[in-house]
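Nothing here was measured: the structure is a model prediction, and the numbers come from that model.
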Amino acid sequence: VSTRVDIVFDGAGMAAAIADADGEGGWLTPAAGYAVAGDFIEVQVPFASLGVETGSTLKLAAVAYCGGAEADVVPERRFLAFKVPPLGEVTAIASFDDPIGDDHGPGYYTYPTDGVFTPSAFDVTSLEIIRDAEDVLIFKIGLGAKPTSPWGGITGYSLQAIDIYIDTDGKPGSGSTEFFSARKARTVPEHAWEYYLRASMDLVAMYDTGWNAFDKVKVESYGDEASSAIYIRVPASAIEGGKTWNVIVAMLGHDGYGEGGIRAVTGAAEQWTFGGCDKEGLCPAIMDLVVGEGISQEDMLSAYRETGDLVEIRGLKVTLP
């Protein structure tokens, strides 16, 4: 325990005090907090008092004392946990809803058969792009199920792999239309990308069109069960270009042993592969895709059936303030 919040009832009402551990088994002089009581007890604790930053995991437990003895504790075991949201003033840049239950790629993909692949794990329900007070761009990707981490990793989610391709100028030929290895898709020519963000359980990075990583750029990602979302953070200054972008956000399955670090799509679903591919070499490995209004994900991802070629993906128009 590093911080303690005491809520004390007396004849005059209720007061709260915040104290930090001194590292020697004691507590530093507490600072005043804010608390009110009614049908519920509400306590206000500034994040600044906790010394945390965006994306940090906060663990807490509530303990009630009566006559100096412990009377009750919530939860009974371990802690409640949540991720610290963006701190300070934030600027909303763009927000998109995505249909619920369309985690089937072109319309006919199925999940692997192993029980670890919980329903809706690959279902993207929303996309928000914001800029925080530290000039960091945050991509918040809402999920149909809480992100889980059965295989560990560095991000707090294990099943998903997220691809984000950013076209900063809208000029054909000025970037790359190619998706990363094994995706079996590309962009439309007018949405050729300049920056690629990749996030999974064991790798979070940004690349240029030559697949060179921006090693000096701090890119972060984490899953948050409380908001049922995956967050990806990148400094806004690291992405140069115009004010109107075309952004592609694709949901894939993570597989550390698979080509390109993603899970394959085979004819029939197996323990560790998606099912539904009817043209080997052409089926895009994308389970869900955030698309603009009036655009069909299913039509876009199944186009290989008619063209006999890789599908071409259009980006979402995003205008920076």
Side-chain angles (χ1 to χ4, degrees), residues 54 86 89-98 124 126-142 161-181 183-200 203-221 229-252 260-262 284 286 288-295 297 300-301 310-321:
T54 300
E89 185 177 353
V90 299
T91 301
I93 295 175
S95 178
F96 303 91
D97 291 326
D98 193 67
V124 177
S126 63
L127 169 66
E128 295 178 51
I129 305 174
I130 63 178
R131 184 162 52 201
D132 71 10
E134 298 180 344
D135 202 30
V136 173
L137 280 178
I138 301 172
F139 296 83
K140 177 184 177 184
I141 300 158
I162 305 292
D163 278 2
I164 300 178
Y165 300 88
I166 303 174
D167 164 35
T168 60
D169 60 16
K171 298 178 181 178
S174 68
S176 173
T177 61
E178 301 301 312
F179 274 27
F180 194 60
S181 176
R183 273 60 176 170
K184 297 175 186 167
R186 57 189 173 216
T187 75
V188 295
E190 59 270 31
H191 292 176
W193 59 270
E194 282 74 38
Y195 298 92
Y196 164 48
L197 296 171
R198 181 182 173 195
S200 64
L203 186 149
V204 183
M206 184 169 75
Y207 300 85
D208 64 19
T209 56
W211 308 117
N212 301 301
F214 290 84
D215 293 330
K216 296 183 179 180
V217 176
K218 184 180 181 182
V219 187
E220 302 171 291
S221 182
I230 289 174
Y231 293 76
I232 299 174
R233 295 165 42 87
V234 59
S237 60
I239 302 178
E240 300 177 349
K243 292 291 187 180
T244 301
W245 295 356
N246 296 293
V247 178
I248 295 171
V249 177
M251 170 65 76
L252 311 99
I262 61 171
I286 299 171
D288 203 351
L289 189 68
V290 184
V291 299
E293 187 175 350
I295 297 177
Q297 166 191 306
M300 192 181 299
L301 292 179
L310 294 179
V311 299
E312 294 188 338
I313 309 299
R314 301 189 64 84
L316 299 161
K317 185 177 180 180
V318 173
T319 303
L320 276 65

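Atom CG of residue Asp167 and atom OG1 of residue Thr177 lie 11.0 Å apart, to the nearest 0.5 angstrom. Taking CG from Leu197 and CG from Asp163, the interatomic distance works out to 9.5 Å, rounded to the nearest 0.5 Å. One finds the CG atom of Asp98 at 8.5 Å from the OG atom of Ser126 (value rounded to the nearest 0.5 Å). A distance of 13.0 Å separates OG1 of Thr91 from CD1 of Ile129, quoted to the nearest 0.5 Å.
Under the salt bridge (Lys or Arg N to Asp or Glu O under 4.0 Å) criterion, Asp215 pairs with no residue, sequence neighbours left out.
In terms of heavy-atom proximity, His191 sits nearest to Thr187 at O-OG1, 3.5 Å. Residues Trp245 and Thr168 approach most closely at CD1-CA, 3.6 Å, considering heavy atoms. Tyr165 and Glu178 get closest at one heavy-atom pair: CE2-O, 4.2 Å. Summarising the geometry of Ser221 relative to Tyr231, their closest heavy-atom pair is OG-O, 2.8 Å, with the distance given to 0.1 Å. Shortest non-hydrogen contact noted between Glu128 and Ser95 is CG-OG, 4.0 Å. Across Pro172 and Gly170, no two heavy atoms sit closer than the pair CD-O, 3.6 Å.
Residues Ile230 and Phe139 fail the side-chain proximity criterion, which asks for heavy atoms closer than 4.5 Å. Leu127 has its side chain out of reach of Lys140: every pair of non-hydrogen atoms, C-beta onward, lies at least 4.5 Å apart. When side chains are defined from C-beta on, Leu137 counts as touching Ile93, because their heavy atoms get closer than 4.5 Å. With contacts defined as side-chain heavy-atom distances shorter than 4.5 Å, the pair Val249/Val124 does not qualify. Counting only heavy atoms from C-beta outward, the side chains of Phe180 and Ile262 never approach each other to under 4.5 Å. Using a 4.5 Å cut-off on side-chain heavy atoms (C-beta onward), Ile164 and Val247 make contact.
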- Derivation of the side chain to side chain contact (heavy atoms under 4.5 Å, CB included) call for Met251 and Ile162: CA-CA 5 Å; Met251 170 65 76; Ile162 305 292; 3.5 Å; yes
Could you go through residues 312-321 and list every donor-acceptor pair under 3.5 Å that involves a side-chain atom there, pairing it with any protein atom two or more places apart or in another chain?
from: Arg314; atom 1: NH1; to: Glu190; atom 2: OE2; distance (Å): 3.0

Which pairs would a plain distance check flag for residues 232-240, meaning a side-chain donor or acceptor within less than 3.5 Å of a matching protein atom at least two apart in sequence or in another chain?
from: Arg233; atom 1: NE; to: Glu220; atom 2: OE1; distance (Å): 3.2
from: Arg233; atom 1: NH1; to: Asp132; atom 2: OD2; distance (Å): 3.3

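When each of Phe214, Tyr195, Tyr196, Trp193 is paired with Tyr207, the ring-ring contact (aromatic ring centres under 6.0 Å, His included) condition holds for Tyr196 and for no other.
Formation of a donor-acceptor pair under 3.5 Å by the Arg183 side chain with backbone atoms of Gly260 is found in this model. Under the 3.5 Å distance criterion, the side-chain polar atoms of Gln297 are matched with a main-chain donor or acceptor of Leu289.
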